[in-house]
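Written below as structure tokens is the structure these notes are about.
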Amino acid sequence: MSRRTETFLPTLREDPADSETTSHRLLLRAGMVRQLGSGLWTWLPAGYRSIAKAEQIIREEMVAIGGQEMLLPLMQPAEIWRETGRYGIGEMFKLQDRRESDLVLGMTHEEPVTWHVARDVRSYRDLPLILFQIQLKERDEPRPRAGVLRTREFSMKDSYSFDRDEGGMEESYAKHIAAYDRIFDRCGLEWHRVSSDVGMMGGAGADEYMAPCPAGEDSIALADGYAANIEVAVSLAQAVDLPSPADSPTKVETPGSTTVEDVAGALGLAQGALLKAIPVMAGDRGLVMALVRGDHSLNELKLSNVIGEPVRQATPEEIDSEIGPTGFIGPVGANCPVICDLAIDGNSYACGANEADRHLTGVDPTRDFQAERADIRAVQSGDLTEGGSRIEIVPAIEVGNIFKLGTRYSEALGATFLDESGSEHPIVMGSYGIGPARIIAASVEQRADDKGISWPRALSPWDLSLVPLSKQGEPERGTADDLYTSLSEAGLDVLYDDRDANAGEKLTDAELIGCPLRVVVGKKSLAEGKFEVQVRKTEAEESIQVEGATDAITGLLDTID
RNA sequence: CGGGGCGUGGCGCAGUCUGGUAGCGCAUUCGGCUGGGGGCCGAAAGGUCGUCGGUUCAAAUCCGACCGCCCCGACCA
């Protein structure tokens with residue numbers, strides 16, 4: 001039951017400054033959220049209704065796979081984070097109490113939940129377990145952005161599975177996949193489950209749930225039967241014409257040609273017939289040269305996974321002093337380890353000669369230099385999957401993720417159990433997250449039009465907007481009042497715009513807020529004994545008889561979304 | 001962390017270059033008209049111009065420091 005005159009729903013007529021993405025702009029304008037500080041967002045009543053609906057769907061599906069809801073502290077002793085070696089994470093908020101004890105604000109809850117399991121689970125009889133909570137997370141993001149998409153504080157459903165062995169963990173993982181598939185379907189999102197990098201969580205495997213939309217921070221590679229985060233995506237490289245092999249490399253003059261495009265043009269070669277050398281600094285290993293085909297680009301994450309350490313691009317000074325003049329470097333005779341991409345599978349390439357204004361042609365990677373071979377290139381739109389499907393790369397929001405953690409946390413925190421024979425084993429864990437705010441933002445991004453938000457019924461703050469065009473005291477208003485009462489008694493959530501405002505203001509506001517259905521009570525149609533109904537998503541309008549209107553509206557709502 | 005931008009009534013902006021009594025639109029309050037896509041008339045309220053310091057007879061405006069916010073990149077369990 002919501003009368004607009006009694007509801008804190010501050011809609012904005014104009015776009016706020018500083019709102020770049022669709023969801024940021026519309027959630028603000030529709031009176032759903034307000035910003036308190038950088039990366040700190042308040043959910044106003046309307047927005048909180050939507051968040052609560054997403055959380056309830058999540059809750060139901062988690063319970064359906066045997067999850068048990070609980071609530072862990074947001075503030076945690078630093079000690080358990082030291083034990084797992086994660087106290088040093090830069091995104092973690094740290095503080096001290098008045099006795100100068102170190103505390104952290106939880107950015108996730110593996111440590112405390114595992115700590116409890118370590119103390120209270122002893123036997124294989126206590127396993128398996130799936131524990132979950134819907135709790136705030138705090139992260140000192142280097143750069144909060146895009147409204148509620150990347151914030152420093154946000155609600156997350158996080159669940160943790162505890163099993164006696166890998167097989168059990170795989171079962172828990174499969175249960176989460178089933179639950180997550182249902183959750184995102186019920187939320188009306190377009191989504192893909194993609195394989196992903198394991199990141200800082202460590203562990204044996206990970207999948208992400210990605211909702212494609214222009215504001216997405218991640219990129220995913222999509223093809224028939226294939227979906228992967230760009231970070232780990234693999235593809236078949238497009239074929240390239242190479243010149244005839246040579247007995248040995250030939251040095252050629254390439255004055256001023258420092259880019260792949262210049263060199264290919266100067267030598268009359270396809271860009272793919274060049275070797276692109278990308279020097280990186282890799283922690284303890286120092287300078288390493290990554291080598292990809294000239295028409296490809298390096299995937300730094302793949303490279304750092306191969307090297308086993310984070311990498312950064314080498315500076316021109318480092319390149320000049322260690323290898324050769326920037327723009328003319330190559331693997332032949334280079335004074336550093338070389339990692340060569342798998343797509344470099346021919347025997348006659350051109351590359352930098354490590355001398356100013358000179359390149360080499362006829363270079364055979366298996367003959368002319370030593371290299372470790374690995375998949376380090378970035379997948380490109382137009383590449384083919386192994387099955388032959390064309391890959392497209394699209395931006396997407398990560399709305400959920402699931403990790404096979406293994407025993408990293410259970411071993412660090414002593415979470416073990418005794419099996420039937422009395423021998424002790426570490427518990428095998430999984431960790432699973434969903435961000436309700438990102439579900440809301442993704443839904444807005446995927447479904448909004450130029451008039452505003454368009455909610456699926458599952459997430460809409462109200463089932464419908466009821467808009468009387470008459471003002472208070474006029475006879476038509478009484479009819480609208482009756483309809484409001486009747487719809488509410490039928491169990492529908494109705495936003496009743498009982499303000500004495502102009503028709504235009506009320507109608508555009510209803511479209512901005514975006515409930516799936518808008519019912520207008522106006523003099524003209526009422527004279528014919530009818531109400532006017534508009535489906536927000538399709539903008540299809542129809543008239544319904546005043547008589548039996550509540551049933552008709554209930555029925556119509558059940559047919560959309 | 002590197003680069004760029006912005007901070008002036010609730011919101012969106014002008015004014016800053018060239019120092020001289022702080023403005024516009026919308027919103028708000030009151031009175032009236034209007035009543036199917038943000039309408040009209042009249043009256044009113046509301047601003048230490050982000051903060052601190054400096055220059056000056058005089059600072060929103062010039063100088064310095066700091067704070068906050070946004071965007072691009074880096075980063076992002």
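Just so we're on the same page: letters track the sequence lines, and every chain starts at 1.
Side-chain contact of A:Y160 with A:D158: a donor-acceptor pair under 3.5 Å is present, judged by distance alone.
Between the A:R34 side chain and the A:P10 main chain, a donor and an acceptor come within less than 3.5 Å of each other.
For the C1' atoms, the distance from B:A74 to B:G37 is 47 Å, rounded to whole Å. Comparing the C1' positions of B:C17 and B:C76 gives a spacing of 41 Å, expressed to the nearest Å. Nucleotides B:C1 and B:C66 place their P atoms 13 Å apart, quoted to the nearest Å. Annotation: B:C75 and B:G19 have their P atoms spaced 46 Å apart (nearest Å). Rounded to whole Å, the separation between the C1' atoms of B:C70 and B:G54 comes to 29 Å. Nucleotides B:A43 and B:C11 are separated by 23 Å at their C1' atoms, to the nearest Å. Between the C1' atoms of B:A14 and B:C26, the separation comes to 15 Å (whole Å). One C1' atom belongs to B:G35, the other to B:C49, and the distance between them is 40 Å to the nearest Å.
Between A:L28 atom CG and B:C70 atom P the separation is 11 Å, expressed in whole Å. In this structure, CD of A:Q534 is placed 18 Å from P of B:G36, rounded to the nearest angstrom.
Taken from CD in A:Q35 to CH2 in A:W41, the straight-line distance is 4.5 Å, to the nearest 0.5 Å.
Between A:E170 and A:K404, at least one side-chain N (NZ, or NE/NH1/NH2) sits under 4.0 Å from a carboxylate O, which counts as a salt bridge. For the pair A:E110 and A:R86, the salt-bridge criterion is met [side-chain N within less than 4.0 Å of a carboxylate O].
Nucleic acid contact for A:E398: none, since no nucleic acid atom lies under 4.0 Å from a heavy atom of the residue. A:P144 comes within 4.0 angstrom of sugar-phosphate atoms only, judged by non-hydrogen atoms across all strands, and of no base. Base contact: A:L469 has a heavy atom under 4.0 Å from a base atom.
Pairing for B:U18 is absent, judged as Watson-Crick or G-U wobble with the two contacts each under 3.5 Å.
Contact of A:R150 with B:C76 (side chain to base): a donor-acceptor pair of N or O atoms is detected under 3.5 Å. Counting distance only, with no hydrogens placed and no angle test, the side-chain atoms of A:R518 and the base atoms of B:G37 include a donor-acceptor pair under 3.5 Å. For A:E14 against B:G12, no side-chain N or O and base N or O form a donor-acceptor pair under 3.5 Å.
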